[in-house]
Amino acid sequence: MNKITIAKNIIIYSIAFLLLYYVFTLFQILKALLYVFHLFFPVLIALFFHFLLEPVVEYFTSERLNRKIVVIHLYVSALLFFIIGCYFLAPYVFQQCLKFYNEYCNGKFHLNPIFSTIIDFLQQYNVLDYLMNMLNGWTQSLFYWVSNIVLAMGISFYLSYDNLHLIEKLITYFPFQKQGLCMQTLKRLKLTTYQFMKSLVIDFLFFFALSLIIFYFIDSRIFVWIALFLALTNLIPYIGPYIGGIPVVIYEYIQNPTLGYASFLVIIILQYIESSYIQPYLFSKCVKHHPIALFLALTFFGDLFGLIGMIFSPLFLAYTTFLLELMRDLKVFHKVKQIMNS
């Protein structure tokens, strides 16, 4: 390909992108696409749950158990676990958040004078108000995700109960010679989802157990919540350890400088063990991407889906890679290029 052809292609693609931008802007197509996306978003989550639970269902049905009975028991157990968790955990978390917010509004913080000066400085420049608004946004995002997950679990139940493989039925409408590639990609999606979630759960439980044991000797009053907070934030690639570790160290340092130094040392050791040995071993089979690609995925999917997008960004990146490889194998890009050059 000579330089003139490259220059022509750059000009054509640039004009096409500009036209698309103006079409999206003038006709507000982006708003319509976002509306459609939010409308079908529970279906996408349902397919994710279906991919996740299908190996479990197939494992028990292979033992000559009826599929419908296995699916009912599995989803009823998940529902009971969710209800019990909300019954015991949600009121306490809500009460603690409300207590913190009331103390913040009434100015009842009792801190060391050094930290009081910092708090006054942050209040003067409305930094704390900005953080509270951010917390409010996270709360609204949490309700949005919970509502979508509840709908998705219902849809996923019917997908699993009737053994309705929606995507597999859609694949039958493709030309016969292309159905094999689509089925292979679907199997890769299912297998990667199951492996990633299994690794994620094992990593979370291991890090939670280590944090629980060590922080029991550092701060026995709230060691469970510290361990849970560290384990949850540790699920976020790269920046998760900082999101979880820095607040814990600051809190313990405010209580006692010695506890702050001890917490800092413990978190550094735990992160080194987890990132150097546990995480590479667990995720080596399902996540094989360059760190730069993972960081870009963390930024993109985090901006698109919030905290959930940050946690599952490696999995979403794997989905994107599989779909791009499928489009390449189906020669979609080649056909688009032929249409644009014709």
Side-chain angles (χ1 to χ4, degrees), residues 85 88-139 142 200-279 298 302 306-307 310-311:
F88 288 102
L89 186 62
Y92 178 80
V93 173
F94 177 77
Q95 182 182 5
Q96 293 299 317
C97 292
L98 188 63
K99 179 181 178 182
F100 172 79
Y101 183 76
N102 290 331
E103 289 182 352
Y104 166 74
C105 294
N106 297 326
K108 294 183 178 179
F109 282 121
H110 300 287
L111 302 175
N112 186 279
I114 297 177
F115 292 99
S116 299
T117 304
I118 297 175
I119 294 295
D120 293 338
F121 174 80
L122 296 177
Q123 288 178 338
Q124 181 180 356
Y125 290 94
N126 299 323
V127 176
L128 291 181
D129 293 335
Y130 174 78
L131 294 176
M132 295 303 296
N133 291 331
M134 184 185 298
L135 179 62
N136 183 42
W138 287 350
T139 305
L142 177 63
L200 197 70
V201 171
I202 294 175
D203 184 48
F204 169 80
L205 293 177
F206 185 83
F207 197 85
F208 174 75
L210 285 179
S211 303
L212 190 71
I213 295 172
I214 297 176
F215 273 94
Y216 173 78
F217 299 98
I218 296 177
D219 193 344
S220 59
R221 296 177 296 107
I222 56 172
F223 71 102
V224 176
W225 300 109
I226 291 177
L228 182 62
F229 179 70
L230 290 175
L232 286 174
T233 54
N234 185 66
L235 297 178
I236 302 174
Y238 297 110
I239 63 173
Y242 302 101
I243 295 176
I246 293 175
V248 171
V249 172
I250 293 176
Y251 172 80
E252 294 296 342
Y253 186 83
I254 292 174
Q255 303 299 317
N256 189 334
T258 303
L259 297 180
Y261 292 130
S263 301
F264 176 77
L265 183 62
V266 166
I267 291 174
I268 292 295
I269 295 174
L270 288 177
Q271 289 299 331
Y272 174 76
I273 295 174
E274 193 269 344
S275 60
S276 299
Y277 299 101
I278 301 172
Q279 197 175 72
L298 173 68
L307 182 63
M310 297 171 69
I311 294 175

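From a predicted model like this one, the values you see are computed outputs, not experimental measurements.
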Using the test salt bridge (Lys or Arg N to Asp or Glu O under 4.0 Å), find all partners of D203 that sit at least two apart in sequence or belong to another chain. none
Side chains of I218 and F215 in contact at under 4.5 Å (non-hydrogen atoms): yes
Using the side chain to side chain contact (heavy atoms under 4.5 Å, CB included) criterion, which residues pair with Y251? Sequence neighbours excluded. D219, R221, I222, Q255
Which residues pass the side chain to side chain contact (heavy atoms under 4.5 Å, CB included) test with I268, sequence neighbours left out? F264
Residue set satisfying side chain to side chain contact (heavy atoms under 4.5 Å, CB included) with F208, at least two apart, ordered chain then number -> L212, A227, L228, A231
Gap separating the CZ atom of F223 from the CD1 atom of I214, nearest 0.5 angstrom: 13.0 Å
Is there a side-chain contact (heavy atoms from CB on, under 4.5 Å) between Y253 and S263 once you walk through the steps? CA-CA 8 Å; Y253 186 83; S263 301; over 6 Å; no
Any chance you could measure Y272, atom OH, to I269, atom CD1, to the nearest 0.5 Å? 11.0 Å
Taking the side chain as every heavy atom from C-beta outward, state whether V248 and W225 have any atom pair closer than 4.5 Å. no
Check: L230 main-chain N/O paired with T233 side-chain donor or acceptor under 3.5 Å: yes
For E252, what residues pass the side chain to side chain donor-acceptor pair (under 3.5 Å) criterion, not counting sequence neighbours? none
Test side chain to side chain contact (heavy atoms under 4.5 Å, CB included) applied to L210 - qualifying residues, sequence neighbours left out: F206, L270
